Amino acid sequence: MKARIDPYHLIRASASRFQCPPTQLDAVQRAEAERLAERSQQLEALVLATAEAAATQITDQQLDASLAELLERYEDEVAFEAALADGGLDVAALRRALERELRFDAVLRRIGAQAPAPSEDELAAFYQRHRERFVQPERREARHLLITINPDYAENRPETARARIAALAERLTADPDAFGALAKRHSECPTALEEGRLGTLTAGQLYPALDAALFALARGEISTVVESPLGLHLLRCERIHPAETIPLDAVRERLRAQLGEQAARRRQRDWIAALHEAGAVA
């Protein structure tokens, strides 16, 4: 006989899979949500039947905090309780469901914490096997100056806009270091407030024509006029940061956390698999 689907598990499954409450699901979506809910319900029952779960207590303060977090998603308590009723729950039933969920999570955290921390040799081996992940591509600090094209405004009609930016390019040929000041005065981009600064960029962040122009420049060089969907641009390459491999010491703690999380998840999966093998559920 199929187990009754717990309303809380169904609400969670519906929100996770379809980003809506169960009442908004069609028949096919409802069947999928019920399948996911039944699976999570069985897993919860499996874990909560263990000695580890029996030794885990959830305080009223923890439950109150979880309820308060959920309540914040609604306009007020009336809307909150109406949503619960639509899902077949009331506050008391929700509190019981949250207690089970919090205890389930606490048990899995405890099991995951049993996984050994990654050793220095494991960190170094992972780094060597995946060195390509730690290559930082070439980056460039840049400024730009934009003149837009808009036939509705005399100064931005195509011929006039091109003449304006050509005049600015000529001034910059004579004085490249005036780029920031000219961008602040003439650029029609919000970056004019920062003297045209675009920040530090990697290839692929700009429109293709701008990207190609910027990454062809030498340090301090100014591009010819480049056109993009935004309008007409001049670019200046302020500084080039060559591609480099980030050293192990700089990523050691991030790797330690990443590999530790992976080990914890493996430990949890192995523990749950052992419960199944032991016949904890049919």
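Quick caveat: nothing in here was measured; it's all calculated off a predicted structure.
In summary, of the residues considered (Arg139, Arg197, Arg143), a salt bridge (charged side-chain N to carboxylate O under 4.0 Å, His left out) with Glu238 occurs for Arg143 alone. For the pairing with Arg164, the salt bridge (charged side-chain N to carboxylate O under 4.0 Å, His left out) check across Glu155, Glu159, Glu188 returns one residue only, Glu188. Of the candidates Glu34, Glu44, Glu101, Glu101 is the only one forming a salt bridge (charged side-chain N to carboxylate O under 4.0 Å, His left out) with Arg12. Looking at Gln114, Arg266, Glu52 one by one, the single match for side-chain contact (heavy atoms from CB on, under 4.5 Å) with Trp271 turns out to be Glu52.
The environment of CD in Gln19 is crowded: more than 12 heavy-atom neighbours from other residues, nucleotides or ligands sit within 6.0 Å. Within a 6.0 Å sphere centred on CD of Glu69, heavy atoms belonging to other residues, nucleotides or ligands number 12 at most. Glu132 CD: more than 12 foreign heavy atoms inside a 6.0 Å radius. More than 12 heavy-atom neighbours from other residues, nucleotides or ligands sit within 6.0 angstrom of CD on Glu99. Within a 6.0 Å sphere centred on CZ of Arg185, heavy atoms belonging to other residues, nucleotides or ligands number 12 at most.
Side-chain atoms of Gln128 never come within 3.5 Å of backbone atoms of Ala125 as a donor-acceptor pair (strictly under, hydrogens ignored). Of the possible donor and acceptor atoms, one in the side chain of Ser40 sits under 3.5 Å from a partner among the backbone N and O of Ala37. For the pair Glu138 (side chain) and Pro242 (backbone), a donor-acceptor distance under 3.5 Å is absent. The main-chain N or O of Ile240 is never found under 3.5 Å from a side-chain atom of Arg219 such that the two would form a donor-acceptor pair. Judged purely by atom type and a 3.5 angstrom limit, Asn156 uses its side chain to pair as donor or acceptor with the backbone of Thr148. A donor-acceptor contact shorter than 3.5 Å is absent between the side chain of Gln42 and the backbone of Arg39. For the pair Gln262 (side chain) and Leu259 (backbone), a donor-acceptor distance under 3.5 Å is absent. A side-chain donor-acceptor contact under 3.5 Å links Gln41 to the backbone of Arg4. Side chain of Ser223 to backbone of Leu234: no donor-acceptor contact under 3.5 angstrom is found. Looking only at distances, no side-chain donor or acceptor of Ser66 sits under 3.5 Å from a matching main-chain atom of Leu63.
The distance from the CG atom of Asp6 to the CZ atom of Arg96 is 9.5 Å, given to the nearest 0.5 Å. The structure places CZ of Phe104 at 14.0 Å from CG of Leu98, a figure rounded to the nearest 0.5 Å. Taking CD1 of Ile272 as the start and CZ of Arg267 as the end, the distance is 10.5 Å to the nearest 0.5 Å. Rounding to the nearest 0.5 Å places NE2 of His233 at 12.0 Å from CG of Leu214. Atoms CG and OG, on Asp211 and Ser228 in that order, are 12.0 Å from each other to the nearest 0.5 Å.
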Exercise. For the pair Asp177 and Asp175, evaluate side chain to side chain contact (heavy atoms under 4.5 Å, CB included) and give the outcome as yes or no after the intermediate values.
Key: CA-CA 6 Å; Asp177 291 336; Asp175 185 7; 3.9 Å; yes
Quiz prompt | CA sep, side-chain torsions, deciding dist, call: Arg256, Glu253, salt bridge (charged side-chain N to carboxylate O under 4.0 Å, His left out) | solution = CA-CA 5 Å; Arg256 193 188 308 280; Glu253 294 312 311; 3.1 Å; yes
Practice problem: Please assess Thr191 against His144 for the test side-chain hydrogen bond (donor to acceptor under 3.5 Å, both in side chains), listing each intermediate value before the final yes or no. | Solution: CA-CA 8 Å; Thr191 58; His144 89 135; 3.2 Å; yes
Practice problem: Could you please spell out the steps behind the side chain to side chain contact (heavy atoms under 4.5 Å, CB included) verdict for Leu217 and Arg140? | Solution: CA-CA 10 Å; Leu217 296 174; Arg140 294 189 170 214; 4.2 Å; yes
Quiz item: After noting the C-alpha distance and the side-chain angles of Glu38 and His9, does the key distance pass the side-chain hydrogen bond (donor to acceptor under 3.5 Å, both in side chains) rule?
Solution: CA-CA 8 Å; Glu38 183 177 18; His9 283 274; over 6 Å; no
Practice problem: Using the ring pair (Phe, Tyr, Trp, His ring centres under 6.0 Å) rule, take His130 and Phe134 through it: C-alpha gap first, then chi angles, then the decisive distance, then the call. | Solution: CA-CA 8 Å; His130 303 284; Phe134 306 103; 7.9 Å; no
Exercise. Please test Gln205 against Thr202 for side-chain hydrogen bond (donor to acceptor under 3.5 Å, both in side chains), starting from the C-alpha separation and ending with a verdict.
Key: CA-CA 6 Å; Gln205 288 187 261; Thr202 56; 3.1 Å; yes
Exercise. Please assess His241 against Thr200 for the test side-chain hydrogen bond (donor to acceptor under 3.5 Å, both in side chains), listing each intermediate value before the final yes or no.
Key: CA-CA 9 Å; His241 302 273; Thr200 303; 4.8 Å; no
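Inter-residue side-chain proximity for Val225 and Arg162 is flagged as unmet; no heavy-atom pair is nearer than 4.5 Å.
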